[in-house]
Amino acid sequence: MADSAQVPTLVYLVTGGCGFLGEHIVRMLLEREPRLRELRVFDLHLSSWLEELKTEGAGPVQVTAIQGDVTQAHEVAAAMAGSHVVIHTAGLVDVFGKASPKTIHKVNVQGTRNVIDACVQTGTRFLVYTSSMEVVGPNTKGHPFYRGNEDTPYEAVHRHPYPCSKALAEQLVLEANGRKVNGGLPLVTCALRPTGIYGEGHQVMRDFYHQGLRFGGRLFRAVPASVEHGRVYVGNVAWMHVLVAQELEQRAALMGGQVYFCYDKSPYKSYEDFNMEFLNPCGIRLIGTHPLLPYWLLALLAALNALLQWLLRPLVLYTPLLNPYTLAVANTTFTVSTNKAQRHFGYKPLFSWEESRARTIHWVQTMEGSAR
Ligand SMILES: NC(=O)C1=CN([C@@H]2O[C@H](COP(=O)(O)OP(=O)(O)OC[C@H]3O[C@@H](n4cnc5c(N)ncnc54)[C@H](O)[C@@H]3O)[C@@H](O)[C@H]2O)C=CC1
Ligand SMILES: CC(C)CCC[C@@H](C)[C@H]1CC[C@H]2[C@@H]3[C@H](O)CC4=CC(=O)CC[C@]4(C)[C@H]3CC[C@]12C
């Protein structure tokens, strides 16, 4: 990438740029990448905020909205022609059985293959991939991953289509590092592994909030408070993507082919206790210091939900929050403690825990249908 502090020259493409994380990446790039000339936002479904951004919020940067499908190689290649950096965040995030395993594989694995091939074909040299903590675990055996880092040994065994697809896609991205792209220069790739992301726009948080409202401002504890979950604020995940994209050229030898967990100063808590950091100030209480139902009963209900999903599939899509996979993930400690991103490219969280919390609470309070 040419160093051009004065004249913006760079063209970025963000796949999945209209999603929860994608929107934050798009806005962060506009705020924090002064070398940006054009920002291409590629997504299956284009959002209305993009139109507003194009007309008002982008300053001198040209924002180009591209409605496209990562599973269609020609669409990806056409969108990518002439771009310098790709942030590939598009993906099918489904642990509830909304999509078939085949579709999840197609979008997450074939889609990623198409992005890599398009880099090679069009001569795009820098690829940042949004992977996931799920590539590591929790594994099917429920082994805890406690304050682990990128080098912590862990038996990564997956059966669920989502983590399987993310693991395969990440592998493709890492193996592509060093491949010659059109023009003869090497591709530089990197994968970021967020833990559970939270913040403005988080759909699962929205669901929990509305469920709490339906139950008269109450949620019932389902997971022991002792099970810790790694969580990271969406603004910090977006900032990490932008920083990696900015540093990949200068530090290609160090960063190329590497994985980085996304982390910040969010506290380690159980999934539910963490959510209460935001939902409590919005009028929702978590009932019980221990799970109200014993684990065996929850496991039975989860299995029943899975059976119902299968039986009802020809008639209706039944996708409850509780299924054997979500129960297992929610009940397994998975926390990260690392400074690899700081050592390799100087990452420091842009948002403190207090700011991340305040922003998320504000979002819940102003959400459509909120109690205020
Ligand atoms: N939400 C979370 O807690 C975590 C998410 N991730 C990863 O972060 C990425 C973004 O996730 P979220 O923003 O949470 O999900 P999201 O569902 O809000 O965003 C994904 C975006 O990709 C787009 N997309 C889906 N299929 C597409 C296709 N075939 N072609 C083009 N665009 C397509 C969707 O329209 C959507 O805008 C995903 O790759 C996910 O695996 C990783 C760790 C945690
Ligand atoms: C009622 C149940 C007992 C509790 C339900 C909570 C679950 C819906 C969520 C608990 C842990 C979440 C996952 C975790 O944060 C890791 C993830 C990483 C990703 O890349 C995608 C999302 C997710 C799988 C996330 C999904 C919801 C949970 C399973």
Looking at [Y], is its backbone amide N or carbonyl O close enough to the side chain of [X] to form a donor-acceptor pair, meaning the two atoms are under 3.5 Å apart?
X: E228; Y: Y146; value: no
X: H143; Y: N139; value: no
X: E33; Y: R35; value: yes
X: T189; Y: L127; value: no
X: Q258; Y: A191; value: no
X: H158; Y: V135; value: yes

Could you tabulate the donor-acceptor pairs under 3.5 Å formed by side-chain atoms of residues 64-71, not counting sequence neighbours?
{"from": "T64", "atom 1": "OG1", "to": "E38", "atom 2": "OE2", "distance (Å)": "2.7"}
{"from": "T64", "atom 1": "OG1", "to": "Q62", "atom 2": "NE2", "distance (Å)": "3.3"}
{"from": "Q67", "atom 1": "NE2", "to": "L44", "atom 2": "O", "distance (Å)": "2.7"}
{"from": "D69", "atom 1": "OD1", "to": "T71", "atom 2": "N", "distance (Å)": "2.9"}
{"from": "D69", "atom 1": "OD1", "to": "T71", "atom 2": "OG1", "distance (Å)": "2.9"}
{"from": "D69", "atom 1": "OD2", "to": "T71", "atom 2": "OG1", "distance (Å)": "3.1"}

Please determine if [X] and [Y] form a salt bridge, counting it only when a charged side-chain N lies under 4.0 Å from a carboxylate O.
X: E355; Y: R359; value: yes
X: D151; Y: K340; value: no
X: E277; Y: K269; value: yes

### Message
Walk me through whether Y347 and Y263 qualify under ring pair (Phe, Tyr, Trp, His ring centres under 6.0 Å).
### Response
CA-CA 10 Å; Y347 164 75; Y263 57 90; 5.3 Å; yes
Verify the ring-centre separation between [Y] and [X]: is it less than 6.0 angstrom?
X: H344; Y: Y260; result: yes
X: H202; Y: F20; result: yes
X: Y198; Y: F274; result: yes
X: Y209; Y: F278; result: no

### Message
According to side-chain hydrogen bond (donor to acceptor under 3.5 Å, both in side chains), does anything in residues 18-29 pair up with another residue at least two apart or in another chain? List the pairs.
### Response
E23-R27, E23-W49
### Task
Kindly write out the residues that satisfy ring-ring contact (aromatic ring centres under 6.0 Å, His included) with F208, not counting sequence neighbours, or none if the list is empty.
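Once residues adjacent in sequence are excluded, F208 has no partner under the ring-ring contact (aromatic ring centres under 6.0 Å, His included) criterion.
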### Message
Any heavy-atom pair between the side chains of F42 and V115 that's under 4.5 Å?
### Response
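A side-chain contact under 4.5 Å is absent here.
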Linking I/L/V/M/F/W/Y whenever their side-chain heavy atoms sit closer than 4.5 Å, directly or via other members, would [X] and [Y] fall into one cluster?
X: L39; Y: L248; value: yes
X: V128; Y: V76; value: no
X: V26; Y: F126; value: yes

### Message
Within a 6.0 Å radius of atom CZ on R285, are there more than 12 heavy atoms belonging to other residues, nucleotides or ligands?
### Response
no
### Query
Do other residues, nucleotides or ligands put more than 12 heavy atoms under 6.0 Å from the NZ atom of K106?
no
### Query
Passes salt bridge (Lys or Arg N to Asp or Glu O under 4.0 Å), R179 versus D117? Steps please.
CA-CA 10 Å; R179 232 169 111 180; D117 289 347; 3.5 Å; yes
### Aromatic Y271 / basic R231 pairing, under 6.0 angstrom, 45° off normal
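Judged by the rule (NZ or CZ under 6.0 Å from the ring centre, within 45° of its axis), R231 counts as positioned above Y271.
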### Message
Less than 6.0 angstrom from the centroid, inside 45 degrees of the normal: does R147 satisfy that with respect to the ring of Y268?
### Response
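Here R147 passes the 6.0 Å and 45° test against Y268.
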